[in-house]
Amino acid sequence: AQSVAQPEDQVNVAEGNPLTVKCTYSVSGNPYPFWYVQYPNRGLQFLLKYITGDNLVKGSYGFEAEFNKSQTSFHLKKPSALVSDSALYFCAVSVTGGGNKLTFGTGTQLKVEL
Amino acid sequence: DAGVIQSPRHEVTEMGQEVTLRCKPISGHNSLFWYRQTMMRGLELLIYFNNNVPIDDSGMPEDRFSAKMPNASFSTLKIQPSEPRDSAVYFCASQWSVSSYNEQFFGPGTRLTVL
């Protein structure tokens with residue numbers, strides 16, 4: 001069975017500082033990790049995913065994530081946080097042959113303050 | 001494309017009533033997913049369809065819940081009878097499922113309140 005762990009319920013960071021939101025996963029098979037963002041009263045929006053190749057993936061709004069196969073992690077990063085980045089972030093993973101299902105983590109609330 | 005469309009956006013009903021939630025996936029997508037989001041349990045996959053066929057309904061909480069996809073452009077999630085513990089935000093998502101690494105696109109959700 002697949003599982004995704006987001007160890008931090010909330011991450012606080014000052015605007016302009018770098019941010020990291022952590023994600024680790026446990027899967028049987030070849031993993032495809034994703035990040036989604038949810039703004040208040042909205043549906044989830046796709047941010048980025050890892051398929052193959054360069055372990056550093058660049059996505060929307062200046063976000064990037066680093067795929068680490070040995071540590072089974074896919075941490076989300078941004079060099080300089082904005083107040084508008086404040087939202088709920090979900091890590092998810094699917095696997096080859098897993099029937100297109102996404103297993104989601106519990107979410108991390110990011111709060112960026114002035 | 002208008003994205004995934006869900007209706008209604010908000011539903012308030014009384015315990016025991018039937019509730020029907022509707023979803024129109026993105027044109028050309030062949031997989032559709034129903035999720036439920038609550039503070040207590042987070043985001044849960046209820047059921048998903050590939051090419052209009054239910055593939056995995058193991059997340060459906062109980063027999064009061066049922067879902068259908070009569071064609072590629074429409075799906076419903078029905079709760080009958082509804083109970084207060086069904087109060088949640090219900091999301092529909094669609095995907096072009098040719099591979100496991102294609103992203104899902106989420107609708108805006110239906111916020112259900114059962115009194």
Side-chain angles (χ1 to χ4, degrees), chain A residues 1-10 23 25 27-54 57 59-60 63 65 67 74 87-109, chain B residues 2-7 9-10 21 23-26 29-51 53-60 88-113:
Chain A
Q2 276 68 247
S3 66
V4 176
Q6 294 181 242
E8 302 150 318
D9 290 337
Q10 182 160 320
C23 171
Y25 55 85
V27 299
S28 300
N30 198 35
Y32 299 113
F34 295 74
W35 277 101
Y36 284 81
V37 60
Q38 185 179 30
Y39 297 99
N41 301 312
R42 303 285 294 275
L44 279 70
Q45 295 177 34
F46 168 75
L47 266 183
L48 48 78
K49 64 184 177 184
Y50 175 81
I51 303 174
T52 187
D54 192 345
V57 179
S60 308
F63 283 93
F67 176 73
F74 191 58
L88 184 59
Y89 290 81
F90 287 96
C91 182
V93 67
S94 67
V95 295
T96 307
N100 308 322
K101 286 174 62 172
L102 276 175
T103 299
F104 281 88
T106 52
T108 298
Q109 186 70 48
Chain B
V4 176
I5 298 172
Q6 291 187 247
S7 64
R9 293 293 308 278
H10 302 272
L21 311 182
C23 176
K24 177 178 170 55
I26 292 172
H29 283 188
N30 63 334
S31 290
L32 184 140
F33 304 78
W34 283 102
Y35 292 89
R36 178 172 68 176
Q37 186 178 34
T38 61
M39 290 292 292
M40 292 295 294
R41 292 188 297 270
L43 194 63
E44 304 172 276
L45 176 64
L46 301 178
I47 184 171
Y48 81 96
F49 298 82
N50 276 356
N51 298 315
V53 176
I55 303 300
D56 185 348
D57 65 354
S58 60
M60 296 286 262
V89 181
Y90 291 81
F91 290 104
C92 175
S94 71
Q95 179 196 41
W96 171 231
S97 65
V98 66
S99 63
S100 299
Y101 51 76
N102 284 352
E103 58 267 31
Q104 295 178 18
F105 292 81
F106 282 73
T110 295
R111 183 175 296 276
L112 173 64
T113 303

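So that the names make sense, note that chain A is the first sequence line, chain B the second, and so on, each numbered from 1. None of the values given here were measured: they were computed from a predicted structure.
In this structure, the portions of B:N102 lying under 4.5 Å from any heavy atom of chain A include both its backbone and its side chain. If you measure heavy-atom distances from B:E44 to chain A, you find no contacts under 4.5 Å at all. For a residue to count as touching a neighbouring chain, one of its non-hydrogen atoms must lie under 4.5 Å from one of that chain's; by this rule A:L47 does not touch chain B. At a 4.5 Å heavy-atom cutoff, A:Q45 makes no contact with chain B through either its backbone or its side chain. Contact annotation for A:L102: both backbone and side-chain heavy atoms come within less than 4.5 Å of a heavy atom of chain B. For B:F105, no part lies under 4.5 angstrom from a heavy atom of chain A. No part of A:Y50 comes within reach of chain B, as not one of its non-hydrogen atoms sits under 4.5 angstrom from that chain.
The structure places OH of A:Y36 at 5.5 Å from CZ of B:F106, a figure rounded to the nearest 0.5 Å. Once rounded to the nearest 0.5 Å, the distance linking CZ of A:F104 with CD of B:Q104 reads 6.0 Å. In this structure, OG in A:S94 is found 7.5 Å from CD in B:Q95, a value given to the nearest 0.5 Å. Annotation: the span from A:K101 atom NZ to B:L45 atom CG amounts to 6.0 Å, rounded to 0.5 Å. Here the straight-line distance linking atom CZ of B:R9 with atom CG of A:N41 works out to 8.5 Å at 0.5 Å rounding.
The local environment of OH in B:Y101 is sparse, with at most 12 non-hydrogen atoms from other residues, nucleotides or ligands closer than 6.0 Å.
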